[in-house]
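Presented below is the structure to which this report refers.
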Amino acid sequence: MVILGGGVAAGYAAKEFVSQNGGKGQLAIVTAEQVPPYERPPLSKDFLAGGKKPDDILISDPSFYREHGITLFRGFSVSKVDFARRRLHGPSGRMIGFEKLLITTGSAVRRLNVPGADLPWIFYLRQLKDSQHIHAHIKRGKRAVVIGSGFIGMEVAAVLTNEGMNTTMVFPGDRVWEHVFTPPVSAFFEKQFADHGIMLMKDETVVGFEDKRNGRLVVLGSGVRMPVDLVVAGIGVTPALGLFRGSPLTHDQDGIRVNEYLETNVDSVWAAGDIANYPDAIFRRRLRIEHWDNAVEQGRVAMRNMMDKFQPFVHVPYFFSDEFDLSYEYWGNAEGHDHVVYRGVMKDKQLSVWWLKQGVLCATLLMNRPDEERRYAPRWILRRAKLNPAQLKTAKSLRSLDRTFGQE
Ligand SMILES: Cc1cc2nc3c(=O)[nH]c(=O)nc-3n(C[C@H](O)[C@H](O)[C@H](O)COP(=O)(O)OP(=O)(O)OC[C@H]3O[C@@H](n4cnc5c(N)ncnc54)[C@H](O)[C@@H]3O)c2cc1C
């Protein structure tokens, strides 16, 4: 068995292989990176701040792979997958054969396509080495511009600010992370960011960069020219599909299509993590999720299925994010919601947001809320619980609203 890609899904698939008593010499991981599989979330958090070393964020120690007879091909960038002959082609004509293949190539960062975008002080963040490069350029008192207001942009802006940089966020919408947050939640985060001294330039696009004798500039669509020392662009990712164009794998720009067992249309080939477009049993439509927990769980389930366990992937989507002293979690998928209920006291930094679609809970965001909300939110989303918005808003304890016992 071979895992193509050495990120989060691969790291947890390998752990699952061992816990299912996979035999020595039966699994190989092929990764373009020089590092064994590692956790990516710290790259925009404490690792970026310099608080962790590469060894601290490895999913498993290198000795784990040695002891369990798992071969790690590092620095092996696969240039072609020959599904007919069942081979991966790599550098210098090297080839690796497979009987069963798990594809976990993850995502590739979107890049800016404007004049000056290749200047060396413009950074993207996907890999460990990107985080190290950005860290090496952090300088107290200097100016940073972060492009994008999704969770990566927000986390990076928070770290750069904590490290003493004068940070500005530039983004096209009129509020932060409008794709996920509701207007009051965006307003809450904007206030926290402003209180930490971060400047927000909304409704702006970057049209170019200049590096002149008298300094570096970010040029905005409005004509503003901002002096800067360091730029980090967090403008989203796309599934890393380049290898599969023209292959027999069923895929489109939204990932590789898999069935509920995470199998692709090609015999004995599975896909997991950011790359996999799967039929979600809870929301009853196809989803592709670019978050850590999804990669962990899909890596595990795909590996079990490669080991003939036949387990469908049924899982409530989940992610977390940390900015300054704020940590929040999010379950579900709010697309198509028609009602939002808030609990908690935002000004005390404790809030929960409950998205409903025709009365059925479809997503929840929690920050500093009682444990019972953490327990009920994923359970209710999984069970497609119907909730009364007025009761949800005012209930002292959620226990009284729980009607999901025994419900499918
Ligand atoms: C900076 C950062 C912070 C994040 N923070 C959070 C967070 O706080 N919360 C959260 O829920 N999610 C977070 N995520 C998202 C989460 O880390 C990803 O969803 C997860 O890593 C996806 O796992 P994956 O295995 O699908 O892909 P990846 O982890 O990206 O791994 C893909 C692997 O495939 C390899 N590869 C690709 N192409 C080839 C090739 N041709 N040949 C060989 N190898 C190849 C890559 O080198 C890489 O090793 C963060 C992501 C980043 C980048």
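Sequence positions, counted from 1, serve as the residue numbers for this chain. Atoms within each ligand, like the ligands themselves, are counted from 1 in listed order. Source: prediction; values computed, not measured.
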Pair E33 + R40: basic N to acidic O under 4.0 Å: yes

Which ligand 1 atoms, with their elements, are less than 4.0 angstrom from a heavy-atom of G273? 26 (O)

Do R286 and D254 sit within salt-bridge range, that is, some charged N less than 4.0 Å from a carboxylate O? no

For atom 27 (O) of ligand 1, what's the nearest protein heavy atom and its distance? G106 CA, 3.2 Å

Apply side chain to side chain donor-acceptor pair (under 3.5 Å) to residues E290 and S107 and explain how you reach the verdict. CA-CA 8 Å; E290 295 162 353; S107 297; 4.5 Å; no

With heavy-atom distances below 4.0 Å as the criterion, list the atoms of ligand 1 near I152. 1 (C), 2 (C), 3 (C), 4 (C), 52 (C)

Atom 4 (C) of ligand 1: which protein heavy atom is closest, and how many Å away? P41 CA, 3.6 Å

Should E372 and R399 count as an ion pair when the cut-off is N to O under 4.0 Å? no

Is H291 close to ligand 1, meaning an N/O of one under 3.5 Å from an N/O of the other? yes

Quick check on contacts: which atoms of ligand 1 are under 4.0 angstrom from a heavy atom of F76? 42 (N), 43 (C)

Return yes or no for this condition: an N or O of S77 is under 3.5 Å from an N or O of ligand 1. no

Side chain to side chain donor-acceptor pair (under 3.5 Å) partner of T250, the single match among T264, N277, N265: N265

Just to confirm my output: which protein heavy-atom neighbour is closest to atom 6 (C) of ligand 1, and how far is it? F151 CE1, 3.3 Å

Using heavy atoms and a threshold below 4.0 Å, how should the contact between L243 and ligand 1 be classified: side chain, backbone, both, or neither? side chain

Where on E290 is there a heavy atom closer than 4.0 Å to ligand 1, on the side chain, on the backbone, on both, or on neither? backbone

Pair W354 + Y376: ring centers closer than 6.0 Å: no

Checking side chain to side chain contact (heavy atoms under 4.5 Å, CB included) against I381, which of Y318, F283, W355 comes through? F283

Is the distance between the ring centroids of F319 and W177 under 6.0 Å? yes

Ligand 1 atoms nearer than 4.0 angstrom to some heavy atom of E155 are 8 (O)

Which bit of E39 is near ligand 1, meaning a heavy atom under 4.0 Å away: side chain, backbone, both or neither? neither

Proximal ligand 1 atoms for L125, defined as those under 4.0 Å from one of its heavy atoms: 1 (C), 53 (C)

Can you figure out which of G6, P91, A32 has its heavy atom closest to atom 45 (C) of ligand 1? A32

Atoms of ligand 1 close to A295 [distance to a heavy atom under 4.0 angstrom, numbered from 1]: 22 (C), 23 (O)

Within ligand 1, which atoms have a heavy atom of K45 less than 4.0 Å away? 5 (N), 6 (C), 7 (C), 8 (O)

Of all protein heavy atoms, the one nearest atom 18 (C) of ligand 1 is D274 OD1, 3.6 Å

Using only atom types and a distance under 3.5 Å, with no angle test, would you say the side chain of K100 pairs donor to acceptor with the backbone of M306? yes

Counting non-hydrogen protein atoms only, what is the nearest one to atom 30 (O) of ligand 1? Give residue, atom name and distance. R126 NH2, 2.7 Å

Would a line drawn from the ring center of F151 to the ring center of H291 be shorter than 6.0 Å? yes

Atom 25 (O) of ligand 1 [closest protein heavy-atom partner, distance rounded to 0.1 Å]: A9 N, 2.8 Å

Q350 and R369 side chains, donor-acceptor separation under 3.5 Å: yes

Indicate yes or no for a side-chain donor-acceptor contact from R343 to the backbone of L392 under 3.5 Å, with no hydrogens or angles considered. yes

Does any donor atom in the side chain of T238 or Q253 lie under 3.5 Å from an acceptor atom in the other side chain? no

Considering non-hydrogen atoms of the protein only, which is the closest contact for atom 35 (C) of ligand 1, and what is the distance? G5 CA, 3.6 Å

Can you sort out which atoms of ligand 1 are near L43, meaning under 4.0 Å from one of its heavy atoms? 1 (C)

Starting from atom 28 (P) of ligand 1, what is the nearest protein heavy atom, named by residue and atom, and what distance separates them? R40 NE, 3.4 Å

Please work out which of T105, V78, N294 has its closest non-hydrogen atom nearest to atom 38 (N) of ligand 1. T105

Winner among Y330, F320, W292, F319 once heavy atoms are compared against atom 7 (C) of ligand 1: F320

Please report whether the ring centroid of Y342 lies less than 6.0 Å from that of F188. no

